[in-house]
Structures are given as C-alpha cells and as structure tokens.
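Single-structure report; data block below.
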Amino acid sequence: QVQLVESGGGLVQPGGSLRLSCATSGILFSIYTMAWYRQAPGNQRELVAHIISTGTTNYADSVKGRFTISRDNAKKTAYLQMNSLKSEDTAVYYCKAGFRGNDYWGQGTQVTVSS
C-alpha cells in the first residue's frame, strides 16, 4: 500500500514563498526518484523538478533559481521550496515517486499566486 500525501499548498501573494511537502509510505524511499509536477487549468501536466537518490536535482527552466527540491530520507518526505512566486506558478502541484518504471502519484495540492 503505497501512499503519497501532499501538503503545504495555499494562497500566496506574488513574490511570496511556499513550501510543499510530500510524505510517503509503502516504498523504499531512499532509492526512489522524487519529482514535482504541476498542472494549470487548460494546460498539460509539466515536470517542475526532480531529485534522484544521490541528491542530484534538475529543474524546469521556468522555475530554476526560484524553486528548490529536497528530500529527507529519514522522514521519507520530499519537499519543494518555492520562492519569488509568480502568478504563472498557479497550478495544482503533484508529487511523484518513481523507480524502475513504477510510478506513484499524490493527490495534488493547489497553489494559487494572486494579489
């Protein structure tokens, strides 16, 4: 029974910050690649950032320099620190855990950036 539970979404003003959490269970967390995706209304789901087991990260061009993905293997939790938020960042953010073709998704958490 694999579970990914996301939290931390909400309403924030442009330029503000938000930290998303993705708590997992039922997987060998330390070996999984963790990723954050987002989907805005009318748009395709896009990869925002991912972090592999060694800690190496990768970011979409639209968020690099502003967002930071991290992981805490002891807590089996991944995070997405979002700074300098823009209205274009408004979307439902989804957490994904993947290993050798097995992907597991969270339910999503809404992030709204608006004044």
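The figures that follow rest on heavy atoms only: side chains count, while hydrogens, waters and symmetry mates do not.
- For the residue pair N73 and R71, a side-chain donor N or O sits within less than 3.5 Å of a side-chain acceptor on the partner.
- Atom CG in L4 sits 11.0 Å away from atom NZ in K96 (nearest 0.5 Å).
- With L85 as the partner, the side chain to side chain contact (heavy atoms under 4.5 Å, CB included) test is satisfied by one option alone out of T90, V12, V63: V12.
- The two residues A91 and A40 have their closest heavy-atom pair at CB-N, 3.8 Å.
- Of all the heavy atoms in S21 and T77, the pair that sits closest is CB-CG2, 4.3 Å.
- Taking every heavy atom of both residues into account, S53 and S30 meet most closely at CB-O, 3.2 Å.
- In this structure a side-chain-to-backbone donor-acceptor pair under 3.5 Å is present from K76 to I27.
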Are D89 and K86 close enough, and set up right, to give a salt bridge (Lys or Arg N to Asp or Glu O under 4.0 Å), and what steps lead you there? CA-CA 5 Å; D89 297 317; K86 308 173 181 179; over 6 Å; no
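- Side-chain contact check for E6 versus Y93: every heavy-atom pair is 4.5 Å or farther apart.
- For the atom pair Y104 OH and C22 SG, the distance stands at 13.5 Å (nearest 0.5 Å).
- Taking the six-membered ring wherever Trp is involved, the centroid distance between the rings of F99 and Y32 falls below 6.0 Å.
- Between I52 atom CD1 and M34 atom CE the span is 13.5 Å, to the nearest 0.5 Å.
- Hydrophobic clustering places Y94 together with L47 (ILVMFWY residues linked when any side-chain heavy atoms are closer than 4.5 Å, directly or through intermediates).
- Distance check, rounded to the nearest 0.5 Å: CH2 of W36 to NE2 of H50 gives 15.0 Å.
- Residues V92 and L11 are members of separate hydrophobic clusters, defined by side-chain heavy-atom contacts under 4.5 angstrom among Ile, Leu, Val, Met, Phe, Trp and Tyr.
- Residue Y59 forms a side chain to side chain contact (heavy atoms under 4.5 Å, CB included) with just one option from V48, I51, I69, and that option is I69.
- In this structure, L20 CG and Q81 CD are separated by 8.5 Å, a value rounded to the nearest 0.5 Å.
- For the atom pair CZ of R38 and CZ of F67, the computed distance is 5.5 Å after rounding to the nearest 0.5 Å.
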